[in-house]
Amino acid sequence: MEKILVTRRIPQKFLERLEALGEVEMWDHELTPMPREQFVEAAKDKTALLVTLSERIDATLFEAAPKLKVVANMAVGYDNIDLQIAEQSHVQVANTPGVLTETTAELGFALMMATSRRIVEAEKYVQQGQWESWGPYLLAGKDIYQSKVGIFGMGEIGRAFARRLKGFNADILYHNRSRNMKAEHELGAFYTSFDTLIKESDFVICTAPSTPETQNTFNKEVFKNMRNDAIFINIGRGDLVVEEDLVEAIENGEIAGCGLDVVRDEPIRTDHPLLKYPNVVVTPHIGSASVLTRDQMIQTCILNIEDVAQGLLARNQVVTNTH
Ligand code: GLV
């Protein structure tokens, strides 16, 4: 008999599947995370946790929950989880790769189109009654067609993004920890140094996860090295960007705009300086948010919990780099 904690409201059909495994406690809120103390308290007697990125899974949590066998994270990223302590505590950690790849790439593309063609600004312009006539350069933007797009992080999401660029006849540059031969052979993506990627690209797309190596990658110097007409898109993690430096780059016209689905402190404060610029588009971390994909992510979490309940390795087990 498992004892399972689910930290957000999930549809009844999924709850029932978990109930087939044992006793389930669910935090019955869609948008409010479980307060930390309540979360740690509720985890104490649990064997499995189905959590979101809002929950920090650290030493305190593992110490408080000695019966824990598996943490199923409803995300592909797992920077909210201390993998080393999980391993020392003999707890399996699982994520949801694969199912969200295309959906997340699509949101990245939506941000690229929104920023390049100034869609949000244009919509406000109409809403505010400013549309008086057609103008030769009214809200003129930048083409993706035949542009040079630099992808930082050529994993599954990077490759799905690159695939979409084929229809735009764009040159695809990428930089990654290691070469991605599939992206090179199938999509003609061209591997470059980070420096070249930054200096040459019309669009710089960040899809990389947060790791000690990637954090703060996009800083003052990097933004200065970008083209003044470049647009920066981040669908990876907020802490890859030094936000004060991004604000400065936008303020000084060092880059032409940015589209961010992730920021350092989520949710972003409404008085955050980034929100005052018309050429900055921020979405609330909705990369994987299509109904189908969210269903599949929950289902993947359940499959991982079922695997562990049967004494198997979770099919999407995440392991530390030391392996
Ligand atoms: C979302 O950011 C995820 O990692 O799935």
Side-chain angles (χ1 to χ4, degrees), residues 6-11 14 30-31 33-34 49-58 70-83 86 92-112 151-161 164 176-177 205-218 232-241 243 258-268 281-305 314-321:
V6 182
T7 62
R8 285 304 164 93
R9 180 184 302 148
I10 59 171
F14 294 123
E30 165 85 17
L31 295 175
M34 241 180 140
L49 304 180
L50 194 166
V51 300
T52 71
L53 288 170
S54 312
E55 281 77 45
R56 196 162 25 87
I57 314 292
D58 55 8
V70 58
V71 177
N73 205 32
M74 191 183 156
V76 68
Y78 40 82
D79 44 298
N80 56 319
I81 303 178
D82 190 326
L83 285 189
Q92 291 191 53
V93 172
N95 66 345
T96 63
V99 293
L100 49 66
T101 304
E102 303 296 332
T103 305
T104 307
E106 269 177 25
L107 194 272
F109 222 91
L111 280 175
M112 180 162 69
I151 301 178
F152 177 71
M154 188 55 95
E156 288 299 305
I157 295 172
R159 201 153 57 86
F161 194 97
R164 283 160 175 77
N176 196 50
R177 263 183 321 182
I205 317 295
C206 171
T207 77
S210 167
T211 66
E213 293 76 41
T214 62
Q215 282 155 13
N216 304 317
T217 296
F218 293 91
F232 173 65
I233 304 292
N234 190 5
I235 54 170
R237 281 290 181 270
D239 63 2
L240 270 71
V241 177
E243 273 169 12
C258 66
L260 312 170
D261 187 46
V262 285
V263 290
R264 249 169 204 272
D265 287 317
E266 298 179 5
I268 197 168
V281 175
V282 181
T283 49
H285 204 145
I286 52 169
S288 61
S290 73
V291 175
L292 177 65
T293 293
R294 287 290 161 87
D295 274 355
Q296 289 176 334
M297 289 165 72
I298 296 174
Q299 189 154 336
T300 304
C301 289
I302 294 174
L303 286 168
N304 280 291
I305 293 174
R315 65 194 65 195
N316 302 112
Q317 192 190 13
V318 176
V319 290
T320 53
N321 282 337

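The figures here come from the full heavy-atom set of this structure, side chains too, leaving out hydrogens, waters and symmetry mates. Both counts, for ligands and for their atoms, begin at 1 and track the order of listing.
- For a heavy-atom separation below 4.0 Å, the residues in contact with ligand 1 are Leu53, Ala75, Val76, Gly77, Leu100, Arg237, His285.
- There is no side-chain donor-acceptor pair under 3.5 Å between Thr101 and Glu156.
- Sorted by first and then second residue, the salt bridge (charged side-chain N to carboxylate O under 4.0 Å, His left out) pairs with a member in residues 72-83 read Asp79-Arg237; sequence neighbours excluded.
- With sequence neighbours excluded, the residues that form a side chain to side chain donor-acceptor pair (under 3.5 Å) with Glu243 are His272.
- Residues meeting the side chain to side chain contact (heavy atoms under 4.5 Å, CB included) test with Asn216, sequence neighbours left out: Val242, Arg264.
- Counting only heavy atoms from C-beta outward, the side chains of Phe218 and Asn234 never approach each other to under 4.5 Å.
- For Glu213 against Thr217, the heavy-atom pair with the smallest separation is O-OG1, 4.1 Å.
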